Amino acid sequence: MRRAVYPGSFDPLTNGHLEVLQTAAQLFDEVVIAILVNPDKRPLFSVEERMQLIAEAVKGIPNVRVDQFQGLLVDYIRRIQAHVIVRGVREPADYENEVKLAHMNRSMEPSAVTVFLPTHPTLSYVSSSLVKQVAAYGGDVRAHVPECVAVALRKKYMNTP
Ligand code: PNS
């Protein structure tokens, strides 16, 4: 079984993340999208909310499951017996940082290989933080995030049902 982990904050999931996930799902038998529980950050969406939104957004992809983890990614991938880490790269600058993470992870777990997937060029400017900025001021983010995320953002920021 070729199991890959796609880790991240996903606060919230964007169409860029989704596209990376769809590609990964074609390459591996199972992809676990794993949300980092980071006590040092104050996310907009709780881990439970993010898990629900992701589960809703990926329900058409049978070999994807959603999970959460705390602590080191390498400890998590050992626990779930995955050897591949998937990371999306939007632009060259991303790669610089990502390659450092990949080397650090590999130094701790030699079997951990990171696979970089370029995001679709039409989505390369989409990030969770920009989407939140736009949504906070009432902007329309429906082109950038799955429908369930757009609705959840509206509820958070606009207090609409
Ligand atoms: O979506 P993000 O915030 O870019 O994701 C970053 C993430 C979660 C992949 C990274 O911070 C991570 O793996 N954190 C877990 C802690 C860890 O293992 N750190 C060492 C990696 S060098």
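Just so you know, ligand 1 is whichever comes first in the structure, and atom 1 is the first atom listed for that ligand. Worth saying up front: this structure is predicted, and the values here are computed from it rather than measured.
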Protein contact of atom 14 (N) of ligand 1 - nearest heavy atom, named by residue and atom, plus distance: Leu36 CD2, 3.7 Å
Ring pair (Phe, Tyr, Trp, His ring centres under 6.0 Å) against Phe10, all qualifying residues, sequence neighbours excluded: Tyr6, His17
Straight-line distance of Phe116 CZ to Asp94 CG, nearest 0.5 Å: 10.0 Å
Atom 12 (C) of ligand 1 touched by protein (heavy atom, under 4.0 Å): no
N/O donor-acceptor pair under 3.5 Å between Asn63 side chain and Phe28 backbone: yes
Flag, side chain of Arg50 to backbone of Pro12, donor-acceptor distance under 3.5 Å: no
Side chain proximity check, Leu13 to Ile33, heavy atoms < 4.5 angstrom: yes
Any N/O pair Leu73/ligand 1 closer than 3.5 Å: yes
Arg87 near ligand 1 by a heavy-atom separation under 4.0 Å: yes
From Val86, Thr14, Leu123, Asn15, residue fulfilling side chain to side chain contact (heavy atoms under 4.5 Å, CB included) relative to Val20: Val86
Nearest non-hydrogen protein atom, atom 20 (C) of ligand 1: Leu72 CD2, 4.0 Å
Under 4.0 Å to a heavy atom of Met104 - the qualifying atoms of ligand 1, by number: 22 (S)
Selection from Ala34, Gly71, Ser128 by shortest heavy-atom distance to atom 16 (C) of ligand 1: Gly71
Polar proximity ligand 1 side, Ser9 side, N/O cut 3.5 Å exclusive: yes
Crowding at CZ, Arg142 (>12 non-hydrogen neighbours, <6.0 Å): no
Proximity of Asn105 to ligand 1 by residue part, where a heavy atom lies under 4.0 Å: side chain
Element-labelled atoms of ligand 1 that are located less than 4.0 Å from some non-hydrogen atom of Leu101: 21 (C), 22 (S)
